[in-house]
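Below is one structure; the comments refer to it alone.
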Amino acid sequence: SMPWIQAFARGILCNWLVCMAVWMASGASDLASKAVAIWFPISAFVALGLEHCVANMCIIPLGMMLAAPISISTFITNNLIPVTLGNTVGGGLFVALFYHLAYKKLPQSTPSK
């Protein structure tokens, strides 16, 4: 029962960390380095109590099956929609777009004759 904007912000921060974990792991060459690269961002997202839409699609319905006082419509409108939008902004804007802008190839200038 958190406010919509708080769920959105938690979604942004969560997917930022998740996408950074994937990005750092893709840059590692051996299994131990990949594990370490994934460990810290994912541990931070869990420790901070951030929201990820895929995790919520598993945990919240499980709670509903165990008689948690939440309806399907409340789950969708107050959690799933803002968290999914936040995850999209976190991964798409704060990771993908910024890395694209940082590493995009600049147009080659042709030498004048």
Side-chain angles (χ1 to χ4, degrees):
S1 65
M2 69 181 85
W4 203 91
I5 193 71
Q6 184 178 358
F8 180 73
R10 283 184 178 194
I12 290 173
L13 293 172
C14 175
N15 217 38
W16 193 352
L17 289 171
V18 169
C19 288
M20 288 305 300
V22 171
W23 187 268
M24 291 187 300
S26 70
S29 57
D30 61 297
L31 184 61
S33 300
K34 289 179 184 291
V36 170
I38 291 171
W39 179 262
F40 290 108
I42 300 301
S43 296
F45 126 61
V46 172
L48 292 169
L50 300 176
E51 303 281 327
H52 196 271
C53 62
V54 176
N56 289 356
M57 285 189 278
C58 177
I59 298 298
I60 294 176
L62 180 61
M64 294 164 89
M65 286 187 272
L66 297 172
I70 183 171
S71 68
I72 293 173
S73 63
T74 301
F75 164 56
I76 291 172
T77 58
N78 292 351
N79 185 280
L80 193 58
I81 291 173
V83 169
T84 302
L85 292 173
N87 288 163
T88 303
V89 170
L93 179 69
F94 290 123
V95 177
L97 179 63
F98 289 163
Y99 269 101
H100 169 74
L101 295 174
Y103 292 106
K104 71 179 179 180
K105 291 187 179 189
L106 299 174
Q108 298 291 338
S109 61
T110 55
S112 58
K113 293 183 178 189

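Looking at every heavy atom in both residues, Phe8 comes nearest to Val89 through CZ-CG2, 4.0 Å. Nearest heavy-atom pair, Ser71 versus Thr74, reported as atom, atom and distance to 0.1 Å: OG-OG1, 2.8 Å. Of all the heavy atoms in Ala25 and Ala37, the pair that sits closest is N-CB, 3.8 Å. For the residue pair Glu51 and Asn87, the shortest heavy atom distance occurs at O-ND2, 3.3 Å.
Residues Met24 and Leu50 are members of separate hydrophobic clusters, defined by side-chain heavy-atom contacts under 4.5 angstrom among Ile, Leu, Val, Met, Phe, Trp and Tyr. Val46 and Val83 fall into different hydrophobic clusters, where Ile, Leu, Val, Met, Phe, Trp and Tyr are joined by side-chain heavy atoms under 4.5 Å apart, directly or via other members. A single hydrophobic cluster is seen to contain both Ile12 and Leu101, as judged by linkage of ILVMFWY side chains at heavy-atom distances under 4.5 Å, directly or through other members. Cluster annotation: Leu48 is connected to Trp16 through the hydrophobic network of ILVMFWY side chains, with a link wherever side-chain heavy atoms come within less than 4.5 Å. Hydrophobic clustering of Ile, Leu, Val, Met, Phe, Trp and Tyr side chains at less than 4.5 Å, counting indirect connections, keeps Trp39 apart from Leu13.
Summarising the geometry, atom CG belonging to Leu62 is positioned 14.5 Å from atom CE belonging to Met57; distances are rounded to the nearest 0.5 Å. In this structure, Ile76 CD1 and Ile70 CD1 are separated by 10.0 Å, a value rounded to the nearest 0.5 Å.
Counting only heavy atoms from C-beta outward, the side chains of Ile60 and Asn79 approach each other to under 4.5 Å. Here the side chains of Val18 and Pro41 are not in contact, with every heavy-atom distance at 4.5 Å or above. With contacts defined as side-chain heavy-atom distances shorter than 4.5 Å, the pair Ile42/Leu17 does not qualify.
Enclosure of atom OH in Tyr103 is not indicated, since only 12 or fewer non-hydrogen atoms of other residues, nucleotides or ligands lie within 6.0 angstrom. For Leu97, the CG atom sits in a packed shell: over 12 heavy atoms of surrounding residues, nucleotides or ligands are nearer than 6.0 Å.
Every pair tested for ring-ring contact (aromatic ring centres under 6.0 Å, His included) that includes a residue from residues 43-90 fails, sequence neighbours excluded, so the list is empty.
Looking at Thr84, its side chain never comes within 3.5 Å of a backbone N or O of Ile81 through a donor-acceptor pair.
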